[in-house]
Amino acid sequence: MAYWLAKSEPNVWSWENHVKKGVECWHSVRNYQASNNMKAMKLGDQAFFYHSNIGREIVGIMEVVKLYYPDHTDETGRFGMVDFKAIKSLKTPVTLAQIKAHPKLQNMALVRQSRLSVSPVTADEWAILCKLGGL
DNA sequence: GCCAACGTTGGC
DNA sequence: GCCAACGTTGGC
């Protein structure tokens with residue numbers, strides 16, 4: 001199983017929204033690298049939900065429940081999306097500041113490529129982040 | 001196919 | 001609100 005991280009601005013779509021809805025499509029990604037990362041996702045893969053801009057912290061864990069398919073909001077037909085199911089909230093959110101301060105998390109795309117909205121997470125990074133999140 | 005201009009993301 | 005980083009567009 002692979003691990004990922006997906007960003008959303010909470011004033012547009014928050015973790016609270018996602019928990020309430022249960023399953024939601026991750027639409028409106030307009031970046032090939034991010035879109036390709038979603039294309040590589042498999043059913044059962046897990047992803048962190050990160051609040052960008054406001055909050056700047058990892059708040060929850062989701063699971064891929066539908067494989068990559070065309071994004072209906074993309075008129076050009078170039079980009080796709082997956083469906084994520086909300087699984088659980090972190091007991092304590094893990095902030096970007098904590099991640100930047102942790103020596104083993106420096107290689108995360110979140111740190112090195114701040115504009116990438118969907119990025120891979122290694123198993124080691126996943127374990128560290130879960131622990132920091134109180135899970 | 002290069003590159004300047006421009007637009008967007010997201011941290012600060 | 002500013003700006004750095006970076007992706008995209010379009011003229012040549």
Side-chain angles (χ1 to χ4, degrees):
Chain A
M1 180 175 58
Y3 300 101
W4 311 90
L5 181 145
K7 299 182 186 181
S8 182
E9 294 183 40
N11 56 334
V12 177
W13 182 254
S14 71
W15 174 239
E16 290 71 27
N17 293 142
H18 208 119
V19 168
K20 208 176 201 179
K21 185 92 185 281
V23 174
E24 177 67 328
C25 58
W26 205 257
H27 63 79
S28 300
V29 170
R30 295 292 180 269
N31 171 283
Y32 285 110
Q33 217 182 328
S35 200
N36 281 334
N37 284 332
M38 288 198 286
K39 202 181 280 182
M41 290 180 188
K42 299 206 165 59
L43 294 178
D45 279 2
Q46 296 199 318
F48 285 124
F49 191 117
Y50 174 82
H51 278 165
S52 64
N53 251 313
I54 302 164
R56 270 169 264 132
E57 55 192 12
I58 295 172
V59 286
I61 293 175
M62 309 184 284
E63 184 179 319
V64 178
V65 293
K66 183 169 178 178
L67 293 175
Y68 191 81
Y69 63 107
D71 181 342
H72 57 84
T73 67
D74 175 27
E75 290 176 1
T76 70
R78 284 184 277 194
F79 299 99
M81 61 189 181
V82 297
D83 285 2
F84 284 124
K85 180 182 182 185
I87 300 294
K88 61 164 72 169
S89 302
L90 299 198
K91 288 208 178 94
T92 44
V94 179
T95 67
L96 181 64
Q98 280 179 280
I99 292 167
K100 285 191 164 175
H102 196 293
K104 289 194 172 166
L105 300 177
Q106 297 310 300
N107 285 328
M108 290 188 68
L110 185 69
V111 176
R112 308 192 81 158
Q113 233 184 311
S114 69
R115 292 184 52 203
L116 185 60
S117 63
V118 181
S119 57
V121 175
T122 67
D124 284 350
E125 290 161 352
W126 184 270
I128 292 167
L129 290 163
C130 285
K131 200 170 178 188
L132 288 173
L135 299 178

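Values below: every heavy atom of this structure, side chains too, minus hydrogens, waters and symmetry copies. Reminder, nothing fancy here: chain letters follow the sequence lines and each chain counts from 1.
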Just N and O in the side chain of A:Lys7: are any of them under 4.0 Å from OP1 or OP2 of B:dT9? no
Do the side-chain N or O atoms of A:Tyr50 get closer than 4.0 angstrom to the phosphate oxygens (OP1, OP2) of B:dT9? no
Quickly work out the [X] [atom1] to [N] [atom2] distance and round it to whole Å.
X        : N      : atom1 : atom2 : answer
A:Asp74  : C:dT8  : CG    : P     : 12 Å
A:Asn31  : C:dT8  : CG    : P     : 6 Å
A:Arg56  : B:dC12 : CZ    : P     : 6 Å
A:Arg115 : B:dT8  : CZ    : C1'   : 5 Å
A:Phe79  : B:dT8  : CZ    : C1'   : 13 Å
A:Glu9   : B:dG10 : CD    : P     : 6 Å
A:Gln113 : B:dT9  : CD    : P     : 15 Å
A:Leu110 : C:dC6  : CG    : P     : 14 Å

Non-hydrogen side-chain atoms of [X] and [Y] separated by less than 4.5 Å:
X       : Y       : result
A:Trp26 : A:Met41 : no
A:Met81 : A:Thr73 : no
A:Tyr50 : A:Val59 : no

Assess, by modelled atom type and distance only, whether the side chains of A:Ser35 and A:Tyr68 contain a donor and an acceptor separated by less than 3.5 Å.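 There is such a pair between these side chains.
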If you assign A:Asn53 and A:Tyr32 each to the DNA chain C nucleotide with the nearest heavy atom, which residue ends up on the more 5' nucleotide?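 Going by which nucleotide is closer to the 5' end, it is A:Asn53.
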Measure from the side-chain heavy atoms of A:Lys100 and tell me the nearest of B:dG11, B:dG10, C:dT8.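 Between B:dG11, B:dG10, C:dT8, the one nearest the side chain of A:Lys100 would be B:dG11.
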